[in-house]
Amino acid sequence: PNPSLPPQSFFLRSTRVCAFSSFCFEGKLLLTALHSMPSGNGARAQQKRERNAAKSAGTKTAHSQLKTNEKAQNIVCKICRQTWMCTTKQPELQQHAESRHPKNSFAECFDS
């Protein structure tokens with residue numbers, strides 16, 4: 001490393017620079033960047049990362065389905081108090097009534 005060369009120096013081709021100071025070193029024009037602007041796809045990718053980080057920072061909460069499922073358990077067998085979700089079809093309820101409560105009718109187990 002050459003001590004006369006400033007630490008943040010760029011050759012003219014490396015990046016677009018919005019504010020700079022220039023000096024000559026061994027016959028080459030060098031630019032010292034005070035503020036550099038990224039350009040092209042690199043800037044787009046960085047902006048997208050920042051947008052996604054901001055968007056996901058506020059909405060990263062886990063949602064449990066247990067309470068919702070518990071509320072949906074609204075079909076209850078009157079005899080054994082077993083519950084089913086509201087989307088359960090009648091054949092499944094009929095099978096329960098026949099296998100668990102053969103002495104009782106379907107109407108005695110469930111409201112219609």
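- Residue A107 comes nearest to K78 through the heavy atom pair O-NZ, 4.0 Å, listed as atom of the first residue, atom of the second, then distance.
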Given side chain to side chain contact (heavy atoms under 4.5 Å, CB included), test E70 with T83 step by step and report yes or no. CA-CA 9 Å; E70 190 175 313; T83 59; over 6 Å; no
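- Note: the hydrophobic cluster containing F106 also contains I75 (ILVMFWY, side chain heavy atoms under 4.5 Å, direct or indirect links).
- For the atom pair H96 NE2 and H101 NE2, the distance stands at 3.5 Å (nearest 0.5 Å).
- Expressed to the nearest 0.5 Å, how far CD of Q94 lies from OG of S99 amounts to 10.0 Å.
- Judged by distance alone, with hydrogens and angles left aside, the side-chain atoms of E92 form no donor-acceptor pair with the main-chain N or O of K89 at under 3.5 Å.
- Between atom CZ of residue R44 and atom CD of residue Q47 there is a gap of 9.0 Å, rounded to the nearest 0.5 Å.
- Between atom SG of residue C86 and atom NZ of residue K71 there is a gap of 13.0 Å, rounded to the nearest 0.5 Å.
- Atoms CD and CZ, from Q82 and F110 in turn, are 7.5 Å apart once rounded to the nearest 0.5 Å.
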